[in-house]
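In each ligand, atom 1 is the first atom listed, and ligand 1 is the first ligand listed.
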Amino acid sequence: MSDAASAEEAAALDAADGLALKRAEFDLDDGVVYLDGNSLGAPPRGVAGRLSDVVGREWGRLGIRAWEESGWWTAPERVGDRIGRLVGAAPGQVVVGDSTSVNVFKAVVAAVRLADTASRDEVLVDAATFPTDGYLARSAARMTGCRIRAVDAADMAREAGPRTAVALVNHVDYRTGRLHDLPAVTAAVRAAGARTVWDLCHSAGALPVRLDADGADFAVGCTYKYLNGGPGAPAFLYVRRALQDRFDSPLPGWNSHADPFAMDPAYAPADGAVRGRVGTPEILSLLALDAALDVWDGVDLAAVRAKSLALTDFFLRCVEAYVPQGRVASVTPGAHAERGSQVSLRCAAGPAGGAGDVMAELIRRGVVGDFRRPDVLRFGFTPLYTRFADAERAARVLGEVLEGARRR
Ligand SMILES: *Cc1c(COP(=O)(O)O)cnc(C)c1O
């Protein structure tokens, strides 16, 4: 594949792309190749106007009445149901609020509380987990008298046993982009008598997820990555319907009370997804997320997945064509069944510096990915707005940087 052939192929792939028109719904700088949507998604165009209405009219004119009249009070469940559609959850099981970190804590403690802790005192955590999940699982284990055991996510299915209360697994590894087998792990953990907590930060909005169909017990995830909710947008929590009556939140706030305005000194939990709430919802960021989710109307996740795989395949081929032999090695699985929506390239130090220097130079040249210590370059592909031409340019610029000379 020569440079010209790759550029031509990119143009043909973009011309045939059924999702190509979606890009116009995002506010993106066309001079920049933005491949960091796995860290912070780009802003959908509808967000700014919606926020201005929320601030000016709802907050500014309705004031306190907006909690009822503008539906602020029930927004966590309403927006939760919109996310539910994207992760295979029927209405009434997803609530939006707090951070992913906080929701990991709620879910892990609640899962342990569902177990018979006389016999089950083990919390399994994905050994390569995003650190916050590990910190919180460890604290949750300490508080509930459990031991924590770190195991490879790929081995989770056979490691779950008679002592396991809960297994916390990242659906897609944030560093390598490896996709784990949610249906198989969920089934195996359940067969062992334990519960699963899935972290969907790198899969929600990137690929089809079927929480209900696959029998997941709990799930959490970010909304500022592939769901484009904006920096610090609130996270979501899924509690399978069959467990909701027994969901015993470790953070029972007044917003999860059955009758919050009774201001009752005694706690009585609400039914359903509301039970996952804690305090007053983050209305501004929650409604920014609500507006951001409009881009998903009518979008088929199977088409998103197909484009994601085509983009990452194409990027890998371009890297092979453009980057000097041996300078980078993909740590993202080649098999589609094991790949999320990013490509991570290990890049040893060389004439262009370490991987951190290489990424800094890429960013200077208008290709925005990110760097994870010690030597990983991450490129996230967001099918709703990433073009094949972006993948081609990113690989070409990477080749130029590593060659230490501009080629064109
Ligand atoms: C991004 C990410 C988080 C972030 O958690 P916050 O509480 O939003 O900071 C957690 N877990 C995983 C797997 C992530 O990728």
Student: Would you call the rings of W254 and F261 parallel, tilted or perpendicular, taking 30° and 60° as the class edges?
Tutor: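 Answer is perpendicular, since the angle exceeds 60°.
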
Student: Applying a heavy-atom distance cut-off of 4.0 Å, which protein residues contact ligand 1?
Tutor: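 The answer is S99, T100, S101, F130, T132, D133, N170, D199, C201, H202, C222, Y224, K225, counting any residue whose heavy atom sits under 4.0 Å from ligand 1.
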
Student: Does any pair with a residue in residues 126-160 pass ring-ring contact (aromatic ring centres under 6.0 Å, His included), and if so which ones, sequence neighbours excluded?
Tutor: F130-Y174

Student: Is it true that the NZ or CZ of R277 lies under 6.0 Å from the centre of W73's six-membered ring and within 45 degrees of the ring axis?
Tutor: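 Verdict for W73: a cation-pi partner in R277.
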
Student: Run the salt bridge (charged side-chain N to carboxylate O under 4.0 Å, His left out) test against D248 and tell me which residues pass, sequence neighbours left out.
Tutor: R113

Student: Just jot down the salt bridge (charged side-chain N to carboxylate O under 4.0 Å, His left out) partners of D17, sequence neighbours excluded, or say none.
Tutor: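 Partners of D17 under the salt bridge (charged side-chain N to carboxylate O under 4.0 Å, His left out) test: K307.
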
Student: Is the ring pair H257/Y267 parallel, tilted or perpendicular, if the boundaries are 30 and 60 degrees?
Tutor: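 Geometry flag for Y267 against H257: perpendicular rings.
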
